[in-house]
Structures are given as C-alpha cells and as structure tokens.
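As the structure is a computational prediction, the values presented were derived from the model and not from experiment.
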Amino acid sequence: MKTKIKILDILIILIAAGFAFFSAYIVYMRPREHSQILVRGQGSEWIFPVDAEETIVVSGLLGDTIVRIGENHAWVESSPCLNQTCVAMGIIARHGQWAACLPNNVLLMIQGVRNDDLDAVAW
C-alpha cells in the first residue's frame, strides 16, 4: 500500500522544524553584550565583558595561572598544575561554559546578566 504525503503533513513538519530552530536560537544565540566573564582565584574575583581584551594572572595554591580573554571568548593559557586539564579544556565562548584548575583553585566562567543589572559603577 502506497502512502501519500499530504499538504497538512508538510505543514506540520515545517512548523515543527521552525519551532526547533527558534528554540535553538533562543538557547544558544543569546546576545553577547549581555554576557560577562567571571575569573575567580584564591581570594580574588574579576568580572569582564566578553568583548574585553585582557590577560589576567591569577594567584592560586600552586602558583600563577594565566587566563586570556579576547575575541569574545576566554581560555586558560597556562597553569602550574601537573595534569593541565584546564589548559586542555580550550576556549569557552557561550553562556554557562566554564574551565577550572581545581588543584590551583581557579575558575573561569561565562555568565549572563540582565540589562537592568548593568550600571556605570559595575563596569
């Protein structure tokens, strides 16, 4: 028995595909101007906008960890820990992504902020 694809079937498929693309856009393509990069070390914390160009030396339990921010992403460039997992994590660029050097107690994370949380004093 041969089945025919009807116009209503095609319409439902197109609506479902459109909804999937719209959902992915909302979740993954948030505007970068509402993001910030958090760098936390032993007793220190820095917050930068994602479009900053910075190199931060973070003192930790084992020594200094070098964190780089540039081109709308961030990464751990070097760390004194033995296994170098934080360096191997590579670039982080989206909300919720993070990299951490647990032996050295250093955290690097991209987080979102709301528009009404921003003021001249915060930046």
Side-chain angles (χ1 to χ4, degrees):
M1 184 159 124
K2 204 172 204 182
T3 60
K4 285 184 158 181
I5 296 179
K6 298 178 181 155
I7 293 179
L8 188 56
D9 295 336
I10 294 172
L11 182 64
I12 290 172
I13 291 170
L14 290 175
I15 289 172
F19 181 73
F21 284 117
F22 177 72
S23 297
Y25 176 78
I26 294 297
V27 171
Y28 295 110
M29 302 301 287
R30 294 180 188 162
R32 292 189 184 275
E33 64 267 10
H34 301 300
S35 298
Q36 61 189 15
I37 297 175
L38 170 70
V39 180
R40 187 176 293 157
Q42 189 175 13
S44 302
E45 184 174 295
W46 298 269
I47 298 175
F48 297 97
V50 292
D51 59 353
E53 298 285 333
E54 297 286 337
T55 300
I56 303 121
V57 178
V58 183
S59 297
L61 297 171
L62 303 176
D64 291 340
T65 298
I66 309 292
V67 174
R68 298 281 311 267
I69 301 170
E71 301 177 15
N72 293 323
H73 52 264
W75 66 96
V76 177
E77 189 168 272
S78 68
S79 187
C81 60
L82 294 176
N83 59 7
Q84 298 289 302
T85 304
C86 53
V87 176
M89 291 182 82
I91 292 172
I92 62 171
R94 292 191 315 242
H95 288 266
Q97 286 186 316
W98 57 274
C101 181
L102 297 179
N104 206 26
N105 199 21
V106 174
L107 172 69
L108 170 64
M109 182 170 62
I110 297 181
Q111 58 188 14
V113 294
R114 296 187 338 221
N115 284 337
D116 56 352
D117 288 344
L118 300 177
D119 62 3
V121 175
W123 296 107

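Residue Met89 comes nearest to Trp98 through the heavy atom pair CE-O, 3.3 Å, listed as atom of the first residue, atom of the second, then distance. Scanning all heavy atoms of the two residues, the minimum distance from Glu77 to Arg68 falls at OE1-NH1, 3.0 Å. The two atoms that bring Ile92 and Ile110 nearest to each other are O-CD1, 3.5 Å, heavy atoms only. Residues Ile69 and Ala74 come closest through the heavy atom pair CG1-CB, 4.0 Å. In terms of heavy atoms, Gly41 sits closest to Val58 at CA-CG1, 3.5 Å.
Expressed to the nearest 0.5 Å, how far CD1 of Ile37 lies from CG of Asn72 amounts to 8.0 Å. Expressed to the nearest 0.5 Å, how far CG of Leu11 lies from CD1 of Ile15 amounts to 4.0 Å. For the atom pair CD (Gln42) and CG (Leu62), the distance works out to 9.5 Å, reported to the nearest 0.5 Å.
Looking only at distances, no side-chain donor or acceptor of Glu54 sits under 3.5 Å from a matching main-chain atom of Gly70. One N or O on the side chain of Asn104 and one on the backbone of Gly63 form a donor-acceptor pair closer than 3.5 Å.
Remark: Ser79 pairs with Thr65 by the side-chain hydrogen bond (donor to acceptor under 3.5 Å, both in side chains) rule, at least two apart or across chains.
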Check: residues 43-52 side-chain donor-acceptor pairs under 3.5 Å, at least two apart:
from: Glu45; atom 1: OE1; to: Arg40; atom 2: NE; distance (Å): 2.9
from: Glu45; atom 1: OE1; to: Arg40; atom 2: NH2; distance (Å): 3.0

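Among Leu14, Ile13, Ile7, Leu8, the single residue meeting the side chain to side chain contact (heavy atoms under 4.5 Å, CB included) criterion with Ile10 is Leu14.
Val87 and Val67 fall within a single hydrophobic cluster, where Ile, Leu, Val, Met, Phe, Trp and Tyr are joined by side-chain heavy atoms under 4.5 Å apart, directly or via other members.
At a threshold of 4.5 Å between non-hydrogen side-chain atoms, the residues Ser35 and His95 count as touching.
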